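All remarks here apply to the structure that follows.
Please read these numbers as outputs of a predicted model, since none were measured by experiment. Quick note: numbers below take in every heavy atom, side chains included, and nothing from hydrogens, waters or symmetry partners.
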Amino acid sequence: MVSMKKGKSSSSGSGKSSRQSSSSGKTHVRSAGSLTSGYRNSSNRSHKQDRGTSHNKEVQKYASNEKDYIFWCQECNVPLIENECSICGGEGMRIDLSQPADVRFCSSYERKVLHDVLVAEFGTDPLGDRVILLNKIPGDDKTDEVIVDAFMFGILRFDMPKMDYVFEPSVQGAHILLGNTEKKIVVLKKSSKHLNGKKISYDMVESISDGIRKNDVVLIRSGNLTGYGVALCDAKEASSVNGPVIRVRKVESQHVSLNKKVSIMHDVVASNVPHMRNLGRNAMNTIKGIANQKEYKALPVNVSFSGGKDSLVVLDLTVSALKNQAGRDICAFFLNTGIEFPETVEFAHNYCRDNGIELIEKRAASNFWDNVDAFGPPAKDFRWCCKICKLAPANEAIEECLQKAPTCITVDGKRRYESFSRARISTSESNPFVPGQLNIFPIKDWKAIEVWLYIYWRKLEYNPLYDLGFERVGCYLCPAALSAEYQRLKDLHPELHGRWETFLMQWAKKNGLSESFIEHGLWRWKELPPKMIKLCEEMGISACATSVESQFSINITSGISPCKAGGYTIEASIHGFSMKKTRDVMNIMGKTVFSEELGLLMVRGKTSTIKIFSSGNVVVNSDDKSSADSVFAEASRQLLKAHRCTGCGICIKACPVNAISIKDGHVFINENCIHCGKCTDSCVVLRYENKF
């Protein structure tokens with residue numbers, strides 16, 4: 001949703017709004033100007049408006065981002081990250097954004113997609129070479145609001161049933177399209193009745209364009225009202241339909257027009273330079289402020305460099321911040337998972353070579369393909385691949401760093417706008433999973449548009465995948481990738497796509513799942529979320545695997561052995577494992593920390609650490625053999641309780657601090673747990689565990 005307001009504060013004139021866990025079957029630039037030169041302050045008010053968005057229920061899934069707006073200079077026709085344009089000196093109009101508000105520039109590939117869809121559906125593309133922003137909003141797959149000339153033109157989304165892009169205009173977008181096409185137009189007779197949301201019968205239709213098909217988005221005109229709706233039948237059948245033929249979505253009498261001035265990216269950068277200089281200076285001060293503390297001043301600084309846009313920016317910021325410090329080593333950590341895009345690997349090497357930066361590359365080699373037969377496809381809720389392909393090489397790099405220094409300082413490009421799990425990251429924090437590693441997050445509050453403005457301003461070379469249809473450039477078969485992006489893999493690297501597709505089809509056949517299940521990307525979940533269950537129902541795709549879910553069991557794989565980090569360790573594997581059920585009970589063992597990105601749950605006790613991976617691997621580390629054995633035994637009992645809970649509720653009555661509840665038929669222990677053990681003593685499952 002995008003709404004607009006003029007000026008710095010809420011007293012300025014405001015414009016009208018311009019927008020229109022259950023589960024199923026399981027499936028196993030260097031610039032001429034200095035970065036640190038002068039700048040002008042801009043106001044940053046946070047007045048918000050009730051926007052009445054139809055996405056409210058989905059939006060609530062994201063943590064609220066305070067700065068859910070940008071500005072737009074209508075004189076220069078450019079987006080602004082603060083409200084003063086440095087070209088004309090004028091104030092910008094505030095544009096309120098739908099959450100998570102991580103607005104970005106439309107890439108060249110996305111522009112072509114938008115052009116092709118507009119021409120195919122409406123016979124025209126009135127946007128030409130204008131600067132276009134895309135604002136990601138919740139949806140089944142890739143879904144973006146299209147923002148141009150300070151208003152929301154419509155929504156471009158990848159339709160999962162069609163496996164192709166579709167476009168739905170906003171009221172403003174429909175008005176622009178109506179002035180540029182004769183296709184998909186429905187003219188309604190003037191009416192004094194309220195039309196928004198109404199179904200209209202043929203006797204209210206004055207004319208309807210030929211070629212309109214049922215479910216097509218149509219452009220609507222009724223007197224001085226313009227807007228859009230949906231066809232409920234084919235145009236050729238409309239006159240004979242006994243009932244409604246059009247459903248009006250929204251029509252309004254207020255009209256917009258495209259700005260006469262067409263700006264280019266150079267104009268956008270120039271209008272935002274003071275703001276970018278301020279952002280860059282603040283980020284560099286963050287890096288210097290932490291890295292130059294007395295206990296860290298002599299230590300090398302490492303940048304986590306994935307080859308993506310965010311890590312590119314923090315690498316440039318780190319070099320800029322510390323380049324004048326004699327003897328200060330700056331290295332880039334690149335974790336090559338073995339399933340990276342070839343473009344990413346080449347870019348990471350070339351960029352560091354061309355800029356004189358030492359690149360430390362850690363490889364996972366063929367680990368993914370060596371394990372995929374055993375684990376099956378990785379999933380959003382089953383990221384076994386992260387442990388094998390990412391965490392292992394990352395730990396190797398950090399261990400080598402810690403052999404040379406007491407602390408491994410790592411600058412990371414994580415941003416809170418990226419996902420719910422990253423919404424509350426701090427400026428710096430110790431890695432809870434790797435003792436001795438200190439992470440710095442200097443761009444945690446940046447939006448994607450600010451990242452891209454920095455790249456354009458500094459004239460930095462960037463990963464070419466961003467211009468080829470990818471919003472993210474992680475592993476090419478990552479389950480977190482969108483279906484729209486996976487389709488691009490097929491176009492760009494048919495050999496990589498073919499190998500993975502062949503495996504998926506064989507896996508589906510073995511588990512009694514259809515080719516459609518794979519074709520629509522449903523392998524990306526172990527337990528399908530409600531929106532995907534609904535998609536399956538609508539398309540008649542079975543989501544039930546024929547294979548029987550394995551019985552819960554824990555097998556020790558390495559026994560008790562000395563640990564390099566100190567103490568003793570036990571490694572085991574769990575069969576019939578659910579990370580959700582595990583997370584729900586492990587507060588009883590100590591303080592828990594969960595990384596969705598790595599698929600890793602860590603539990604810290606007084607003298608022990610338990611690491612549980614989504615792959616089903618368990619690592620228990622404690623001070624001595626006896627303690628390690630005791631902790632492992634108790635962790636095993638709690639895992640058994642979690643996976644075989646009958647939902648009887650006896651433990652609820654036994655808990656003296658009301659820390660226990662039953663959710664979805666399984667036990668849940670919250671952070672109020674005092675570890676008294678009374679719930680364990682009362683558990684029927686554990687009392688008769690030898691009977692199972």
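- A side-chain N or O of Gln638 and one of Lys641 form a donor-acceptor pair less than 3.5 Å apart.
- Rounding to the nearest 0.5 Å gives a distance of 8.5 Å between CZ of Phe167 and CD1 of Ile155.
- Shortest non-hydrogen contact noted between Cys408 and Asn302 is SG-ND2, 3.7 Å.
- Other residues, nucleotides and ligands contribute only 12 or fewer heavy atoms inside 6.0 Å of the CD atom of Glu671.
- Environment of CD in Glu346: sparse, with no more than 12 heavy atoms of neighbouring residues, nucleotides or ligands closer than 6.0 Å.
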Original post:
For Lys142 and Glu485, what are the C-alpha separation, side-chain angles and deciding distance, and is it a side-chain contact (heavy atoms from CB on, under 4.5 Å)?
Top reply: CA-CA 8 Å; Lys142 186 176 174 64; Glu485 294 173 325; 5.6 Å; no

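- Salt-bridge formation is not detected for the pair Glu527/Lys580: no Lys NZ or Arg NE/NH1/NH2 atom is positioned less than 4.0 Å from an Asp or Glu carboxylate oxygen.
- If you take CD1 on Ile612 and CG on Leu639, they are separated by 5.0 Å, rounding to the nearest 0.5 Å.
- Distance CE/Met589 to OG/Ser608: 6.0 Å, rounded to 0.5 Å.
- Within 6.0 Å of atom NZ in Lys362, more than 12 heavy atoms from other residues, nucleotides or ligands are found, so the atom counts as buried in its surroundings.
- Leu134 has its side chain within reach of Val146: a pair of non-hydrogen atoms, C-beta onward, lies under 4.5 Å apart.
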**OP:** Tell me, with the steps shown, if Ile541 and Leu522 meet side-chain contact (heavy atoms from CB on, under 4.5 Å).
**Re:** CA-CA 10 Å; Ile541 300 175; Leu522 297 167; 4.1 Å; yes

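- Judged by distance alone, the side chain of Arg524 and the main-chain N or O of Ala481 form a donor-acceptor pair under 3.5 Å.
- Side-chain contact between Asn617 and Trp384 is absent, with no heavy-atom pair separated by less than 4.5 Å.
- Using modelled atom types, one side-chain atom of Asn621 and one backbone atom of Tyr568 make a donor-acceptor pair closer than 3.5 Å.
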Original post:
Taking it one step at a time, do Arg383 and Met579 satisfy side-chain contact (heavy atoms from CB on, under 4.5 Å)?
Top reply: CA-CA 10 Å; Arg383 299 192 184 192; Met579 178 61 86; over 6 Å; no

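- Of the possible donor and acceptor atoms, one in the side chain of Asp141 sits under 3.5 Å from a partner among the backbone N and O of Ala484.
- Taking both residues in full, the closest heavy atoms of Ser615 and Phe382 are given as CA-CE1, 3.9 Å, listed atom of the first, atom of the second, then distance.
- The main-chain N or O of Gly139 is found under 3.5 Å from a side-chain atom of Lys531 such that the two form a donor-acceptor pair.
- Without hydrogens or angle criteria, His575 side chain to Phe552 main chain gives no donor-acceptor distance under 3.5 Å.
- Distance alone, capped at 3.5 Å, is enough to place a donor-acceptor pair between the Asn463 side chain and the Gly307 backbone.
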Original post:
Between Phe632 and Ile556, does a side-chain contact (heavy atoms from CB on, under 4.5 Å) hold up when you go through it step by step?
Top reply: CA-CA 10 Å; Phe632 176 78; Ile556 295 177; 3.7 Å; yes

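- A salt bridge does not link Glu501 with Lys490: every distance from a Lys NZ or Arg NE/NH1/NH2 to an Asp or Glu carboxylate oxygen is 4.0 Å or more.
- Below 30°, between 30° and 60°, or above 60°: for Phe305 and Phe347 the angle between ring planes is between 30° and 60°, a tilted geometry.
- Ser614 and Asp381 share no donor-acceptor pair across their side chains, judged by distance under 3.5 Å alone.
- To the nearest 0.5 Å, atom CG of residue Asn367 and atom SG of residue Cys385 are 11.5 Å apart.
- For Asp164, there are no side-chain hydrogen bond (donor to acceptor under 3.5 Å, both in side chains) partners at least two apart in sequence or on another chain.
- In this structure, Asn658 places its CG atom where only 12 or fewer heavy-atom neighbours from other residues, nucleotides or ligands lie under 6.0 Å away.
- Between Arg415 and Asp310 a salt bridge is recorded (basic side-chain N to carboxylate O distance below 4.0 Å).
- Residues Trp369 and Ile339 meet the side-chain proximity criterion, which asks for heavy atoms closer than 4.5 Å.
- Looking at Leu482 and Phe158, their side chains never come closer than 4.5 Å, going by heavy atoms from C-beta outward.
- At a threshold of 4.5 Å between non-hydrogen side-chain atoms, the residues Arg472 and Cys478 count as touching.
- Figure legend: Arg488 and Tyr109 shown as a cation-pi pair, the cationic atom lying under 6.0 angstrom from the six-membered ring centre and within 45 degrees of its axis.
- Residues Pro393 and Asn336 fail the side-chain proximity criterion, which asks for heavy atoms closer than 4.5 Å.
- Ion pair Asp144/Arg104 flagged as a salt bridge, since at least one NZ, NE, NH1 or NH2 atom sits closer than 4.0 Å to an Asp/Glu carboxylate oxygen.
- Here Phe368 and Trp500 bring their ring centres to under 6.0 angstrom of each other.
- Aromatic ring pairs are classed by plane angle as parallel below 30°, tilted from 30° to 60° and perpendicular above 60°; the pair Trp523 and Tyr486 is perpendicular.
- Rounded to the nearest 0.5 angstrom, Asn135 CG and Asp68 CG are separated by 9.5 Å.
- Note that the CD1 atom of Ile388 and the OG1 atom of Thr337 stand 12.0 Å from one another [nearest 0.5 Å].
- Aromatic ring centroids of His497 and Tyr476 lie 6.0 Å or more apart.
- Contact check for Lys309 versus Val313: no side-chain heavy atoms found under the 4.5 Å cut-off.
- Remark: the backbone N or O of Thr607 is paired with a side-chain donor or acceptor of Ser622 at under 3.5 angstrom.
- Lys447 places a side-chain N or O within 3.5 Å of a backbone atom of Ala101 that can act as its donor or acceptor partner.
- Using a 4.5 Å heavy-atom threshold, the side chains of Val314 and Phe441 count as separate.
- With 3.5 Å as the limit, one finds no donor-acceptor pair spanning the side chains of Ser304 and Thr410.
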